Every structure is written in structure tokens, then in C-alpha cells.
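Heads up: the structure comes next, in C-alpha cells.
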Amino acid sequence: MLLLGGCNLVVMNPAGDVATRQANLILWSTGLMLLIIVPVILFTLFFAWKYRASNRDATYDPEWNHSTKLEVLIWTAPLMIIIALGAMTWLFTHLLDPYRPLTRIAPGQPVTEETRTLTVEVVALDWKWMFIYPELGIATVNELAAPVDTPIAFRLTSSSIMNSFYIPALSGMIYAMPGMQTQLHAVINREGTYEGIASNYSGPGFSNMHFKFLGMSQDGFDEWVARVRAQGQPLTRERYLEVEAPSEMEPVHYYSQVDRGLFRAILNMCVEPGRMCMDEMMHIDMQGGGGLDSLHHMDRLIYDTNRAHDSHFGHGPSGYAGAGEAGGAEAPGATFPASDRRPRSEEPADDAAPQGAPHEGPHEGPRQAPDEGQSGTQNGSGQSGDDGPAPGSAAPDQLQN
């Protein structure tokens, strides 16, 4: 309750221009609606008092049934308010679109070509937040910082489950989803330490999935960046896979270097060695597919972010579909005890076919070669093999663009 009360106070008195305009929208909308609500409440009380049973002086007119003036008042006032609310909603829906780059830093301070923008790549993990600064080559866990009056361009994704990124003092909330990228543009106008939260339930560690957002002067931000580089350690893909494992109430971590292309690999679900990236797979599909040979590489397309996580958190190494074929343990059968049959995993193996039964093997028909222009298989590092895309074809833009 204290957290919700404090959040409400911040929402109506934020420190960022975007959040301030959102607070003003709430006030204007509430004021317009009160233009109807307050008179209705007052007239209800007035009529109940005036036409009470004990008031013998009130006019009694049982034949009254229509008043043009009253009808005009009853319908015109709400209609005008609905038009005003609709126009204001349409206007601010476009002005405060989280995907729209900022046009101003504060009232009277427009964004110009010389205005520097800070890019931050956000990854929602279980149950912590990772922030990557691609232009600075650093990363942090559970601590975000930015200089005041500097537009921030957030690029957000998630490692395993949908979540929602929310800093009440900065701007509205935005979803972070695995395999997808969302965007948020905002600016902080006052120095201070602000609370950031996960506003979408994501499992047992959700309630402690908080982080600090530091609004700093430019000199203070430069000192913070230097401290991260001095105290941090390199964030390689191997280390990321360790950090990605579920953990609760994780302390702040600094990383002085970040592997190039890490966020792209997280977004495309191919951080683990040997996995095909989603954008590579889409490029193959765009070129017409990989032909029959691609069926032999299906294991590279199987993705399970919880592949190596401890079962204490409800995850397992063989939790994805097809794990039995890929070397994992077969899932227990679902027929016992309802049908008095043992689970399939407990049935004895019987490689011999029943006597007299025909042998059913794979059909060995002729194999058709891939059409010209189809790309060959891709390796897990994102590089094309010998049978790459046709000359002149170009891979589509990455998902983050």
C-alpha cells in the first residue's frame, strides 16, 4: 500500500517532461468529466430535498412529460464534453506515442539536430533488469542512469517472459517481450534517485524486481560511467547466460565491456552457441526456404531460455517441445492412473516389431534439390554458409530497427 501511494504521488508530480504531460492529461480529463458529475450530484441532492414528502409548497404536476430546454441541456453538455475528450485523447495519443522520438525536452526547449540522444537497451530477466549502453560499451544490472535534459531512446526486450518496464517519474510503462522489441522515448528534467519497477506479473520474484534510476548532471553521469568501467567486469555471452538464470533480489552489477551484438543475439534468441538467430531464419524464409536439407538442422531452431535453469524455480533442461528427440528426458505419459496404464517413460523398451506386422520405415523417395536463389543453412554465429543468399539479396533490417 505504501508503494502504491508513493507511486501515485510520483505520477502526479513527476520529474520528466513526458510523464508531466501525461499527468496533465489526467487532470484535464478529470476536470472535463467533473463538469457533468458535479452538477448531477448537486441537482440530485437538490431535487431530493425540494420534492421531499414533507414539502407541501413544491409544485406537483403529474401531467408533465417534456421540456425542450431541459432536453437540449441534458444532451448538449455531455456531447460537447465527449467531443472534447475524444479530440484530446486523439491528440495526446499521437504526441505521447512511446515510439515517437521526442520533439521537446521541456516547455520552450525543442529538440534540435545538435541535441544528443542516449540509447539504452533494456532486457527484462528473471527477476532483474539489465541495461546495456551500446554507445558507451558498458552495462549494468538493476541500476539505470542518465543525464538530465538528455533524450533517452530505450529499446526493450525480454529473455523469457513478458514483463512491463515502468519508471513513474519518467514516463508511462511499456511492455518487454521475448523475441520482440518495443521502444520508449523519454527525458528526465530533475536530478534525483527514482524508483523503477516491473509492472507485469512474471513469477515468484516479481515483487522484488525493482531498480534505481539515477537522474544526474552531465558531470555526474560521466563520473558514473567511469566508475562502471573501473569496477565492472566484461559481459561476455557466457557470462550473460549465467546472469540470465533466475534469481531474486539481485544486487547492482557493473560491466565494463559488452560483447558486440549481445542485445541483437538476446532479441533474436541466439545467445547460446549453435542456435540460429530469428532474423537469419526469416532471411532464409524470405529467400524461399532452405530446402529439404534444412530439416537436418531443426535442433538449431529449438529454443528454451530455461534450458539450464534450476528446477527450484520451476524450470527444467528438457522443458521445450521435442526435448526427447533432442536428447532430453522424455516427458512422463499422461495416461496413468486415469486409464490404468503406466506412463510411457516406465514402459519397457521393445525394439522388435510385432510378428507379421509390416516394417514401416521412412519413405526413400527422390530428394529434390533446393531452387536457385534459396539460401543454405546458417551457422550459429550469424554467418552464412557456403550456400548463402543469392547474389544481390540483402538480409532484412534487424528487429531493433
Side-chain angles (χ1 to χ4, degrees), residues 2-26 92 95-102 104-106 111 117-125 127-134 136 138-158 162-177 181-202 205-218 220-221 224-225 228 249-253 263:
L2 291 176
L3 177 60
L4 292 176
C7 182
N8 290 333
L9 292 175
V10 173
V11 167
M12 301 312 299
N13 185 29
D17 182 65
V18 174
T20 299
R21 287 195 280 178
Q22 292 172 338
N24 292 337
L25 178 60
I26 294 174
F92 279 94
L95 288 178
L96 300 178
D97 181 2
Y99 279 59
R100 179 177 179 172
L102 300 183
R104 77 177 200 183
I105 297 172
V111 173
T117 299
L118 179 67
T119 301
V120 181
E121 297 167 340
V122 182
V123 184
L125 304 172
W127 287 274
K128 48 194 171 284
W129 292 94
M130 175 175 284
F131 306 102
I132 301 173
Y133 293 77
L136 302 175
I138 61 174
T140 62
V141 168
N142 284 345
E143 186 174 280
L144 172 66
V148 297
D149 296 336
T150 297
I152 311 171
F154 292 102
R155 303 290 182 264
L156 304 98
T157 190
S158 176
M162 184 174 74
N163 216 309
S164 190
F165 175 80
Y166 187 32
I167 305 175
L170 182 68
S171 67
M173 63 184 72
I174 188 75
Y175 281 123
M177 295 169 281
Q181 178 186 268
T182 53
Q183 301 179 31
L184 177 66
H185 293 84
V187 62
I188 193 72
N189 300 115
R190 292 202 306 262
E191 296 183 33
T193 300
Y194 306 98
E195 187 77 12
I197 62 175
S199 55
N200 191 78
Y201 180 73
S202 58
F206 156 77
S207 58
N208 292 312
M209 196 172 170
H210 304 155
F211 65 92
K212 296 297 182 183
F213 172 53
L214 310 177
M216 300 177 163
S217 64
Q218 185 61 55
F221 179 73
W224 179 83
V225 171
V228 172
M249 302 184 69
E250 193 72 19
V252 174
H253 296 290
F263 182 78

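The basis for the numbers below is simple: all heavy atoms, side chains too, and nothing from hydrogens, waters or symmetry mates. Nothing here was measured: the structure is a model prediction, and the numbers come from that model. One is the number of the first residue; the rest follow in order along the sequence.
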Full working for side-chain contact (heavy atoms from CB on, under 4.5 Å) between Phe92 and Asp97: CA-CA 8 Å; Phe92 279 94; Asp97 181 2; over 6 Å; no
Step-by-step side-chain contact (heavy atoms from CB on, under 4.5 Å) determination, Leu156 to Ile174: CA-CA 9 Å; Leu156 304 98; Ile174 188 75; 3.8 Å; yes
Exceeds 12 heavy-atom contacts within 6.0 angstrom, atom CZ of Phe206: yes
Other residues, nucleotides, ligands: >12 heavy atoms within 6.0 Å of Met249 CE: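 No, because the 6.0 Å sphere around CE of Met249 holds 12 heavy atoms or fewer from other groups.
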Side-chain donor or acceptor of Thr140 paired with backbone N/O of His253 under 3.5 Å: no
Identified ring-ring contact (aromatic ring centres under 6.0 Å, His included) partner of Phe211 from the options Tyr194, Tyr166, Phe131: Phe131
Trace of the side-chain contact (heavy atoms from CB on, under 4.5 Å) decision for Leu144 with Phe154: CA-CA 11 Å; Leu144 172 66; Phe154 292 102; 3.8 Å; yes
Asn163 versus Ser202, side-chain donor and acceptor atoms under 3.5 Å: yes
Glu250 and Trp129 side chains, donor-acceptor separation under 3.5 Å: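 On atom types as modelled, these side chains do not qualify, holding no pair under 3.5 Å.
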Test item: [X] and [Y] side chains (from C-beta on) under 4.5 Å apart, heavy atoms:
| X | Y | answer |
| --- | --- | --- |
| Ile105 | Asn189 | yes |
| Arg100 | His185 | no |
| Asn208 | Trp127 | no |

Stepwise side-chain contact (heavy atoms from CB on, under 4.5 Å) check, Glu195 with His210: CA-CA 7 Å; Glu195 187 77 12; His210 304 155; 3.3 Å; yes
Listed partners of Thr119 passing side chain to side chain donor-acceptor pair (under 3.5 Å), at least two apart: Glu135
Contacts of type side-chain contact (heavy atoms from CB on, under 4.5 Å), residue Val148, not counting sequence neighbours: Ile188, Glu191
With Ala19 via side-chain contact (heavy atoms from CB on, under 4.5 Å) - residues at least two apart: Pro14, Gln22
